[in-house]
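To start, the structure under review is shown below, and the notes come after it.
First the proteins, then the strands, lettered A, B, ... as listed; each starts at 1.
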Number of protein chains: 2
Amino acid sequence: MGSRPNIPDIVIGRLPIYLRALYRMIQEEKEYTSSQELGERLGISSAQIRKDLSHFGEFGKQGTGYNIKFLHEKIRQILQVDREWLIAVVGVGDLGHAIAHYRGFAPRGFHVAALFDSAPTKIGEQIGGLTVMPVSAMKDEIHRQKIQVAMLSVPAEHAQQVANELIGAGIRAILNYAPITLAVPPDVRVQYIDPVAHLQHMTYYLRS
Amino acid sequence: MGSRPNIPDIVIGRLPIYLRALYRMIQEEKEYTSSQELGERLGISSAQIRKDLSHFGEFGKQGTGYNIKFLHEKIRQILQVDREWLIAVVGVGDLGHAIAHYRGFAPRGFHVAALFDSAPTKIGEQIGGLTVMPVSAMKDEIHRQKIQVAMLSVPAEHAQQVANELIGAGIRAILNYAPITLAVPPDVRVQYIDPVAHLQHMTYYLRS
DNA sequence: TAGATTGTTAATCGATTAACAATC
DNA sequence: TAGATTGTTAATCGATTAACAATC
């Protein structure tokens with residue numbers, strides 16, 4: 001694949017936001033939009049949107065703006081979400097159950113393909129059409145299915161250990177739900193989901 | 001309350017990360033840490049940690065660093081999470097169920113105090129000790145319990161509408177799980193949780 | 001054509017980092 | 001005391017924005 005050097009990570013992080021808004025516009029059956037309109041919806045300046053997109057090519061037309069479906073497809077290609085990714089979920093407690101049942105992944109190109117847990121009571125359980133497998137089978141199963149992405153929903157105490165095993169199994173992208181920062185090699189991407197951190201961020205401002 | 005002018009939002013956003021790491025250190029029964037050690041754990045420079053903290057006061061000692069419990073407590077105070085916040089959850093589909101059942105909120109100071117949905121089949125349902133109430137009762141209940149924070153887990157199509165009602169009921173902090181950017185007045189804080197956006201951010205880098 | 005909006009350059013703004021005196 | 005580490009200043013780096021020629 002042609003490498004794309006040098007594009008700031010913060011720009012990459014905004015592309016999914018653009019994608020989300022464009023998807024909404026498709027649902028609204030709009031055909032064209034402008035950097036200004038998109039910016040207003042997202043609370044982002046129009047200049048920033050144009051600058052961000054300019055890293056990847058020229059997708060608009062002076063005077064008329066952007067064809068929504070076209071731009072949507074282009075951003076999908078850039079992010080590589082114009083195809084399906086297989087996902088392993090490790091840890092099927094409350095949270096893992098919810099992830100396994102969540103219907104929002106599939107329509108956006110992510111397919112939960114395997115569930116793992118270490119507790120003997122959980123192994124063999126059927127969740128959303130999948131059978132929970134032991135963590136000891138993780139490496140083989142990840143290779144067998146060619147799974148490339150993992151979601152980590154084990155308790156914080158075990159997260160680093162499990163992350164190490166995932167990385168050993170070839171995983172290079174981890175969505176971590178455990179409230180702990182993971183130490184990983186530089187070629188492994190980690191994103192964090194910690195609702196409590198977001199809540200704490202907001203309570204700071206709740207002063208009268 | 002004394003207003004704290006001028007502190008960059010990006011700094012506020014890092015405080016929960018520091019809190020998380022300090023909490024882990026408390027569990028590990030460490031007593032002191034340094035900006036360097038903390039930075040190494042978090043992948044952040046020591047200078048940034050010291051700079052961030054310096055916005056709020058002087059919490060360390062030259063030569064010895066920071067008393068972990070003390071700094072933890074100070075950051076809790078700054079973020080106002082040294083007390084309990086009541087939370088309303090709107091939308092009890094898959095996701096709302098998971099939120100209502102999730103045990104990770106309470107130990108970190110957030111208490112799910114009310115559940116709302118608009119579907120007649122859901123109203124009256126018992127989830128995690130709470131009874132699902134109709135959205136029409138939202139305003140009264142939020143006032144009655146003095147709830148200040150809401151989590152939004154309704155479908156994207158309804159999210160803006162429900163957000164408007166929450167704001168009308170006096171809510172000024174919304175954790176939005178719907179994959180849509182909300183339009184809100186400037187005195188209302190919104191944070192977003194969109195796992196798919198995080199996944200899409202990572203797949204960009206999965207090129208060989 | 002006139003109006004609108006792009007892509008891009010240069011200026012501005014703000015965040016991060018390096019360095020160090022102060023001091024535990 | 002010697003060594004370590006803070007809090008802070010100034011320098012650097014990078015991201016955002018304003019402005020505009022190009023052009024649909």
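Regarding A/Ile10, its CD1 atom lies at a distance of 11 Å from the P atom of D/dT17, rounded to whole Å. Per the geometry, NE2 belonging to A/His55 stands 11 Å off C1' belonging to D/dG14, to the nearest Å. In this entry the distance linking CG of A/Asn6 with C1' of D/dA15 reads 14 Å, nearest Å. Distance A/Leu53 CG to C/dT8 P: 11 Å, rounded to the nearest Å. B/Lys61 places its NZ atom 17 Å from the C1' atom of D/dG3, with the value rounded to the nearest Å. One atom, CD of B/Gln62, and another, C1' of D/dG7, lie 7 Å apart when rounded to the nearest Å. A straight line from CD1 of A/Ile49 to C1' of D/dT17 spans 13 Å, rounded to a whole angstrom. Computed from coordinates, the A/Asp52 CG to C/dT6 P distance equals 13 Å when rounded to whole Å.
Smallest separation of non-hydrogen atoms from A/Gln145 and A/Ala114: NE2-CB, 4.0 Å.
In this structure, D/dC24 and C/dG3 make a Watson-Crick or G-U wobble pair, each of the two defining distances being under 3.5 angstrom. Across all strands shown, the partner of C/dT9 is D/dA18, judged by Watson-Crick or G-U wobble contacts whose two distances both fall under 3.5 Å.
For D/dT17, one of the phosphate oxygens OP1 or OP2 lies less than 4.0 angstrom from a side-chain nitrogen or oxygen of A/Ser45. One finds no side-chain N or O of B/Arg50 lying less than 4.0 angstrom from the OP1 or OP2 phosphate oxygen of C/dA18. One finds a side-chain N or O of A/Ser35 lying less than 4.0 angstrom from the OP1 or OP2 phosphate oxygen of C/dT6. The phosphate of C/dG7 has OP1 or OP2 within less than 4.0 Å of a side-chain N or O from A/Tyr66.
Of the candidate nucleotides C/dC24, D/dT9, D/dT16, D/dT16 has the atom lying nearest to any side-chain atom of A/Arg14.
Atom CG in B/Asp194 sits 5.0 Å away from atom CZ in A/Arg20 (nearest 0.5 Å).
Residue-to-nucleotide proximity on DNA chain D shows that, of A/Thr64 and A/Ala47, the 5′-proximal contact is made by A/Ala47.
Open room surrounds CZ on A/Arg103; 12 or fewer heavy atoms of other groups in view lie less than 6.0 Å from it.
Cation-pi geometry between A/Arg207 and A/Tyr204 is met: the NZ or CZ atom falls under 6.0 Å from the ring centre, inside 45° of the normal.
Nucleic acid contact class of B/Ser46 (heavy atoms, under 4.0 Å, all strands): none.
Salt bridge B/Asp9/B/Arg189: present, at least one basic N to carboxylate O contact under 4.0 Å.
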